[in-house]
Asker: 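Once you've had a glance at the structure underneath, I'll fire off some questions.
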2 protein chains.
Amino acid sequence: MNRKTSLKDIAEHLGVSTALVSYVINHKEKQFRVGPEMVKKIRKAAIEMNYQPNLVAKSLKSGQTKTIGLIVADISNPFFSMIARLIEDEARKQGYVVFFGSSDENAQKSQSLSSVFLNRQVDGFIIAPAEHTEDQILALQNTGKPVVLIDRYFPGLPADIVRINNAEIAQEAVSHLISKGRKNIAVLTYKTTLAHITDRTKGYQQALKKHGLKANKALICEASYQDIETDVERQLLKLFNGKHKVDAIFFVTNSLAVLGLKIINRLGIKVPDELAIVSFDQSDAFDFFYAPLSYVSQCLHQLGAEAVSLLVKKLQQLPYERIFESVIVEAKLVIRDS
Amino acid sequence: MNRKTSLKDIAEHLGVSTALVSYVINHKEKQFRVGPEMVKKIRKAAIEMNYQPNLVAKSLKSGQTKTIGLIVADISNPFFSMIARLIEDEARKQGYVVFFGSSDENAQKSQSLSSVFLNRQVDGFIIAPAEHTEDQILALQNTGKPVVLIDRYFPGLPADIVRINNAEIAQEAVSHLISKGRKNIAVLTYKTTLAHITDRTKGYQQALKKHGLKANKALICEASYQDIETDVERQLLKLFNGKHKVDAIFFVTNSLAVLGLKIINRLGIKVPDELAIVSFDQSDAFDFFYAPLSYVSQCLHQLGAEAVSLLVKKLQQLPYERIFESVIVEAKLVIRDS
DNA sequence: TTAAAAAGCTTAAAGGTTTAAGCAAATATC
DNA sequence: GATATTTGCTTAAACCTTTAAGCTTTTTAA
């Protein structure tokens, strides 16, 4: 109920200076030559008075808040909530605490989150950036605070990046479908300029090319983030009613696959007989789909841990010198029935 | 790259006192009689020098961090990540920012999170408490910081609580199964003392009693949080190999239902013909289960928003007087094929 | 014309912490 | 026994804000 006890309270209680108490609390009694019985007295009082350091004051003094700002598209999306969890754990191991924010794929919200976190003096950022936020990232970098991009990135923007090998694994996934004899392979992707997605689409195209298949524009289906549900439905209906008989689909994300499979289920299309499917990531949902789907497995654990490690490394190297690193985590193709 | 500009920088740049700058920045020029042309000068300089307030310093001075500590069992669990998202949004609307932490149903981790958040001077807490953390909650309350329990609660502990009507809705759910002619209804629940769960189990028992069915201990299956996967499997196998032919199961949570359904699928048990099922909450996964399941629908949006509202209300009423409120959000039973 | 009021600004302390610098007393050195 | 060193502590400033109190100068009121 009463005010928390401060260093000053302990100092007054013992009739000593706050400096002395601070030295002891921070285990610097050796360095600053505090007498052994004084150390004991202060330790005892600190425990008796239940002293807890005020990290806000500490932060103000040190200029370090031991805080990381994490911005993702949507924390309620399982992909990001899992990443968030792993980042939380890893960050706490390193003595950091995390502020979360969801940008909803919206550059303005993203900007607002950046400002809030900046004003709150976070030490660094981990960001899965939304579309058209290159300048925000650049502005953050220019504050001198380390920024690590996770999952997503901008090809033209030098930055610290932790991501998977999108194009390569997409190509591998589609090549798998081709090797199973599929000829009319569609891709369901986002209408976006974000490189992690366009790379996957490119991987799809490269696979077709490599195996001498013609890339048919009609087989590239794009859904916008905003109207994702209606878009996925419309695109798939168009696909199945088109003249080319589609015999495989590559979903570039988990969310697209879940939505897509619902439609496919409704239409009564048989998987994998009539339609082979490869998706990204695991989902509880896929376990109940009647056929075990093949999927691209990203090691989220590694992504999260690497992001924190890289950020902490940069924090320790401050002030920072515009030397950026990319960590590419290898994704794997898990082949099942489709 | 350079240090952020402070009030002092602006003051020195204009040759005025920091007080004056502070007044203008905080729109208190009327109250403190700052001359109109001075206001303009300061505004201009603030923009030119890109002044951003240091919220850490502000917090130290005001004793308020405009920060909420959220502790849940696991932020990667869709139930909690959805709640987290809603709390994030609502909190930001009210000018607060959220620290997240996952307790993993572990009292010690929960304690550690509380301390960290306390030291970081959060203004208040929203907690879905783990088992055996009554004393932690009490200790937090005794710091004078408002604590709102969400989803979970302790019957003997006076507290601010936002939760659903667990017992009633569970009773309704099981009554539904009975009304469909089911006689041997099992419940899959957690081995826990947490009231939100035991209430659901009690609701199950009350429903049986109300309709004159005998409560059979063998039909109450408990899984521990730690070994949840193996426990669910073992319990269900025991259930289906028992002498009583089970014709319905009530899953008290989403996670239990997902795990349970996998087993049921594997065993080839027909739902709803051989086995009727009612679960808690929606899940993408359920959409791919061949039969549309009936479920208890909690309005997470309301839970999250009410929790933040209640907390903010308490924050505005500080210092606080040990008058606690319970907000009971009505859950609904959504009846589908099972 | 003088006193009172208002306007426009500054000073300084406070919030809790860290830490360089300084000072006095005790101990070591020869 | 005088000097140098070590020991053990204090002082005070700094981090960035906010804000009560105070001080001039100008304006108003009589």
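Chain letters run A, B, ... following the sequence lines, proteins first and then strands; every chain starts at 1.
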Asker: With DNA chain C as reference, determine whether A:Lys58 or B:Gly15 sits nearer its 5' end, using the nearest nucleotide of each.
Answerer: B:Gly15
Asker: Give the minimum heavy-atom separation between A:Ile10 and A:Ala45, together with the two atoms involved.
Answerer: CG2-CB, 4.1 Å
Asker: Between A:Asp123 and A:Lys66, does at least one N-O distance fall below 4.0 Å, as a salt bridge requires?
Answerer: no
Asker: Nearest to the side chain of B:Ser6, which nucleotide is it out of C:dT19, D:dC16, D:dT19?
Answerer: D:dC16
Asker: Can you measure B:Ile10 atom CD1 to C:dT10 atom P for me and round it to whole angstrom units?
Answerer: 14 Å
Asker: Need the bend value for the helix from C:dT1-D:dA30 to C:dC30-D:dG1: angle between end axes, 5 pairs each end, nearest 10°.
Answerer: 50°
Asker: Can you measure B:Lys8 atom NZ to D:dT17 atom P for me and round it to whole angstrom units?
Answerer: 11 Å
Asker: From the set D:dT10, D:dT18, D:dC16, return the single nucleotide nearest to any side-chain atom of B:Lys61.
Answerer: D:dT18
Asker: Between B:Asp104 and B:Lys109, is the closest basic N to carboxylate O distance under 4.0 Å?
Answerer: yes
Asker: Please determine whether a side-chain nitrogen or oxygen atom of B:Asn26 lies at a distance below 4.0 Å from atom OP1 or OP2 of D:dT18.
Answerer: yes
Asker: Between B:Gln121 (CD) and C:dG16 (C1'), how many Å, whole number?
Answerer: 9 Å
Asker: At under 4.0 Å, does any side-chain N or O of B:Ser17 touch on OP1 or OP2 of C:dC9?
Answerer: no
Asker: State plainly whether the residues A:Asp89 and A:Lys93 are in salt-bridge range, i.e. N to O under 4.0 Å.
Answerer: no
Asker: Is the phosphate of C:dT17 approached by A:Tyr23 (side-chain N or O, under 4.0 Å from OP1 or OP2)?
Answerer: no
Asker: Please list, by residue number, the residues of residues 33-49 of chain A whose heavy atoms come closer than 4.0 Å to an atom of DNA chain D; answer none if no residue qualifies.
Answerer: A:Arg33, A:Val34, A:Gly35, A:Met38
Asker: Of all the choices, C:dA20, C:dT17, D:dT19, which nucleotide is nearest to the side chain of A:Tyr51 once you look at every atom?
Answerer: C:dT17
Asker: Using every non-hydrogen atom in the two residues, find where A:Tyr153 and A:Pro129 come nearest and quote the distance to one decimal.
Answerer: N-CG, 4.5 Å
Asker: Considering just the side-chain nitrogens and oxygens of A:Ser62, establish if one lies under 4.0 Å of OP1 or OP2 belonging to C:dT18.
Answerer: no
Asker: According to the interplanar angle, ranging from 0 to 90°, do the rings of B:Tyr23 and B:Phe32 count as parallel (below 30°), tilted (30 to 60°) or perpendicular (above 60°)?
Answerer: parallel
Asker: Kindly give the heavy-atom pair with the smallest separation between A:Asn54 and A:Val56, and that separation in Å.
Answerer: OD1-N, 2.8 Å
Asker: In whole angstrom, give the distance that lies between atom CZ of A:Arg120 and atom P of D:dT17.
Answerer: 14 Å
Asker: Indicate whether any N or O donor in one side chain lies under 3.5 Å from an N or O acceptor in the other, for A:Arg322 and A:Asn142.
Answerer: yes
Asker: Ignoring backbone atoms, test whether A:Lys28 places a side-chain nitrogen or oxygen under 4.0 Å from the OP1 or OP2 oxygen of C:dT19.
Answerer: yes
Asker: In this structure, how many angstroms lie between the C1' atom of C:dG16 and the CG atom of A:Asp9, rounded?
Answerer: 10 Å
Asker: Taking A:Arg152 as the fixed residue, which of A:Glu131, A:Glu105, A:Glu134 is the one that meets the salt bridge (Lys or Arg N to Asp or Glu O under 4.0 Å) rule?
Answerer: A:Glu105
Asker: Between B:Glu48 and B:Arg43, is there a salt bridge with N-O shorter than 4.0 Å?
Answerer: no
Asker: Expressed as a whole number of angstroms, how long is the span from A:Asn54:CG to D:dC15:P?
Answerer: 18 Å
Asker: Over all strands shown, is B:Val16 touching base, sugar-phosphate only, or nothing at heavy-atom distances under 4.0 angstrom?
Answerer: sugar-phosphate
Asker: With nearest nucleotide decided by heavy atoms, which residue, B:Thr18 or A:Thr18, maps closer to the 5′ end of DNA chain D?
Answerer: A:Thr18
Asker: Between A:Lys4 (NZ) and C:dG15 (C1'), how many Å, whole number?
Answerer: 13 Å
Asker: Could you give the CG-to-P distance, from A:Leu60 to C:dT18, as a whole number of Å?
Answerer: 12 Å
